[in-house]
Student: 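My questions all concern the structure below.
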2 protein chains.
Amino acid sequence: MSSDWEIPAVAVAVDLVVLTVRSARLQVLLVERGIEPYAGKLALPGGFLASEREDVDTAAGRELAEETGLRPENLHLEQLRTYGAPNRDPRRRVIAVAYLAIVPDLPEPTAGGDARSARWVPVSQVLTRRATLAFDHQRILSDGVERARSRLEYSALATAFCPPQFTVADLRNVYEIVWGETLDPRNFHRKVTGVADFLVPTGGHTTKHGGRPAALYRRGTADVLHPPILRSTGGWR
Amino acid sequence: MSSDWEIPAVAVAVDLVVLTVRSARLQVLLVERGIEPYAGKLALPGGFLASEREDVDTAAGRELAEETGLRPENLHLEQLRTYGAPNRDPRRRVIAVAYLAIVPDLPEPTAGGDARSARWVPVSQVLTRRATLAFDHQRILSDGVERARSRLEYSALATAFCPPQFTVADLRNVYEIVWGETLDPRNFHRKVTGVADFLVPTGGHTTKHGGRPAALYRRGTADVLHPPILRSTGGWR
DNA sequence: TCAAAAGTGTTTAATGTACACCCATGA
DNA sequence: TCATGGGTGTACATTAAACACTTTTGA
């Protein structure tokens with residue numbers, strides 16, 4: 001804090017890791033870059049602060065709304081991490097504040113007000129390098145996916161993948177796809193309905209083909225899960 | 001990413017939550033501000049990027065070294081969160097990237113190369129508002145303490161509070177003080193020595209008054225604890 | 001030999017896992 | 001009445017909590 005030297009001024013970008021479960025796979029929202037650098041490459045959606053006075057959290061909500069057409073207050077949006085390596089953008093010094101967003105399976109791939117070519121891409125394609133991303137977005141995505149996986153254990157995050165009304169099987173589906181492992185339907189049902197304030201029965205039931213109708217639930221008030229839903233692999237052991 | 005408008009440039013500050021266990025209390029390193037705004041107030045140590053090309057993580061390590069006189073590579077240092085509200089600094093737009101550092105009980109309060117009046121203050125005094133901090137540093141400290149508490153459960157973070165050689169009782173002391181609860185010495189001993197690659201016996205023993213000598217350990221290679229050391233309160237239930 | 005702290009063994013309760021079984025519907 | 005998934009009961013294994021007890025030192 002010695003005064004009297006020029007404080008470096010940098011550009012602040014907000015980048016989004018938007019995840020959903022779609023076609024039985026964990027998918028991430030990506031845009032195709034139209035300009036250099038990395039023109040034509042896939043990248044995480046994002047952008048710079050809209051003004052000198054825009055709050056960073058607000059900017060993330062704004063970007064999310066632009067890309068998905070959804071109001072941010074209904075969706076899960078949390079700060080992930082800040083990436084501040086000096087050369088992450090070849091043009092100029094840019095620091096990226098990354099956010100993790102979880103959305104339900106949306107009706108159409110993207111209805112962005114910004115008219116960018118956003119689309120869903122399976123996370124596995126990116127993590128196995130069949131598709132590669134611009135900047136350090138591969139690393140950011142990888143951090144975001146790991147955060148989401150671990151959040152399923154201790155928080156009610158899984159409900160953010162689901163529509164307003166969902167069944168226990170829908171919820172189990174989210175866990176299985178995000179974690180990449182199968183879970184016992186009977187024990188999962190008991191665990192998840194036993195967690196305080198996690199699920200609230202709506203009274204409704206599904207009217208599906210081929211099976212007993214399932215009770216419908218909406219998300220409860222709990223943010224943290226007591227007790228947690230632990231994965232066998234990855235958690236430990 | 002529409003081009004052709006002026007991208008806002010902001011100043012990037014790095015703020016540190018440096019925690020230690022000292023005199024049987026969790027304490028935080030604070031500086032007394034010499035200049036406005038908040039002159040005379042206590043604040044987290046920190047500063048702006050040293051140059052246009054300095055990495056943010058590097059800046060955090062540099063600040064820590066300046067404040068504690070210790071090499072950052074031996075200490076625990078992790079990014080906490082970024083605080084980007086537009087009015088957090090009344091002078092100009094500043095975004096703070098906060099870091100959490102854990103250090104052992106240092107020989108002298110501070111041996112900063114920057115000759116600032118850094119000193120240790122019990123965390124409880126700040127959280128109970130007997131001492132208040134400048135800017136939004138109260139909130140940042142609170143986030144940092146909660147991060148540290150939860151990291152004790154799942155990571156080997158507790159060893160960062162200890163000197164290179166320590167006993168199981170030293171380690172238990174860290175858990176008890178940071179969590180603010182008492183733990184059964186017998187069960188704690190068994191748990192902690194049972195975790196794979198957490199503790200490595202050095203072969204040495206303490207030669208203390210009034211009790212059986214304790215075996216000395218150094219930290220092992222494990223970063224995550226299998227299984228975790230869970231707190232009773234706060235974890236759940 | 002006593003106090004004090006380190007470390008081990010054992011009992012008991014809580015929790016997680018596997019899986020048999022019943023329920024409610026559409027075809 | 002059969003196939004299909006929803007949902008419950010229960011036995012067993014694993015883990016955590018409580019605490020009696022033994023070990024090893026300094027005074």
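Note that this is a predicted model, so its numbers are computed, not measured. Note that these values count all heavy atoms, side chains included, but never hydrogens, waters or copies made by symmetry.
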Student: Rounding to an integer number of Å, can you tell me how far B/F188 CZ sits from C/dA5 P?
Tutor: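 To the nearest whole Å, that distance equals 17 Å.
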
Student: Provide, to the nearest angstrom, the distance between the CG atom belonging to B/L183 and the P atom belonging to D/dC19.
Tutor: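 The answer, rounded to whole Å, is 15 Å.
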
Student: B/N173 CG to C/dA6 P: how many Å, rounded?
Tutor: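 That distance rounds to 11 Å.
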
Student: Do the side-chain N or O atoms of B/K191 get closer than 4.0 angstrom to the phosphate oxygens (OP1, OP2) of D/dA17?
Tutor: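 Yes, such a contact exists.
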
Student: Enter the distance from B/L16:CG to B/L141:CG here, rounded to the nearest 0.5 Å.
Tutor: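 Between atom CG of B/L16 and atom CG of B/L141 there are 12.5 Å.
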
Student: Name the closest nucleotide to the A/R212 side chain, picking from D/dT8, C/dC23, C/dA6.
Tutor: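 Shortest atom-to-atom distance from the side chain points to C/dC23.
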
Student: Round to the nearest Å and state the distance from A/L199 atom CG to D/dG7 atom C1'.
Tutor: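 After rounding, the gap between these two atoms is 14 Å.
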
Student: Can you tell which of D/dA17, D/dC19, C/dT17 lies closest to the side chain of B/D184?
Tutor: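 The closest nucleotide is D/dC19.
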
Student: Quick one: does A/V192's side chain get under 4.5 Å of A/Y217's, heavy atoms only?
Tutor: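 Heavy-atom side-chain distance check fails, nothing below 4.5 Å.
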
Student: Between A/H189 and D/dT8, does any side-chain N or O lie under 4.0 Å from OP1 or OP2?
Tutor: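 For D/dT8, OP1 or OP2 has a side-chain N or O of A/H189 closer than 4.0 Å.
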
Student: Nearest of D/dA17, D/dG7, C/dC19 to any side-chain atom of A/N187?
Tutor: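 Given the options D/dA17, D/dG7, C/dC19, the side chain of A/N187 is closest to C/dC19.
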
Student: Any idea which of D/dT24, C/dC19, D/dA17 is nearest the B/P213 side chain?
Tutor: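 Nucleotide nearest to B/P213's side chain: D/dT24.
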
Student: Could you say whether B/A215 or B/G211 is positioned toward the 5' end of DNA chain C, judged by the nucleotide with the nearest heavy atom to each?
Tutor: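 With B/A215 and B/G211 compared, the 5'-side residue is B/G211.
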
Student: Below 3.5 Å, does any donor atom in the side chain of A/R190 face an acceptor in the base of D/dG9, or the other way round?
Tutor: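 Between D/dG9 and A/R190, which were checked side chain against base, a qualifying N/O pair under 3.5 Å is present.
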
Student: Determine, for A/R139 against A/D143, whether the closest basic-nitrogen to carboxylate-oxygen distance falls under 4.0 angstrom.
Tutor: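 A/D143 and A/R139: salt-bridged.
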
Student: In this structure, which one of A/H137, A/Q138, A/K41, A/Q125 forms a side-chain hydrogen bond (donor to acceptor under 3.5 Å, both in side chains) with A/T132?
Tutor: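 Testing A/T132 for a side-chain hydrogen bond (donor to acceptor under 3.5 Å, both in side chains) against A/H137, A/Q138, A/K41, A/Q125 leaves exactly one candidate, A/K41.
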
Student: How many Å lie between CG on B/L171 and C1' on C/dA6, as a whole number?
Tutor: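 Whole-Å distance recorded here is 15 Å.
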
Student: Let me spell it out: for each of B/R186 and A/A169, pick the nucleotide of DNA chain D with the closest heavy atom. Which residue's pick is nearer the 5' end?
Tutor: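 Its nearest nucleotide being more 5', the pick is A/A169.
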
Student: Starting at atom CG of B/L230, determine the distance to atom C1' of D/dA16, rounded to an integer number of angstrom.
Tutor: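 Atom CG in B/L230 sits about 10 Å away from atom C1' in D/dA16.
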
Student: Using whole Å, report how far CD1 of A/I229 lies from C1' of C/dT15.
Tutor: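 Value for this atom pair: 13 Å.
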
Student: Distance check needed: C/dA5 P versus B/H205 NE2, whole Å only.
Tutor: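 Result: 18 Å.
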
Student: Between CZ of A/R62 and CD of A/E67, what distance do you get to the nearest 0.5 Å?
Tutor: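 One gets 10.0 Å once the value is rounded to the nearest 0.5 Å.
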
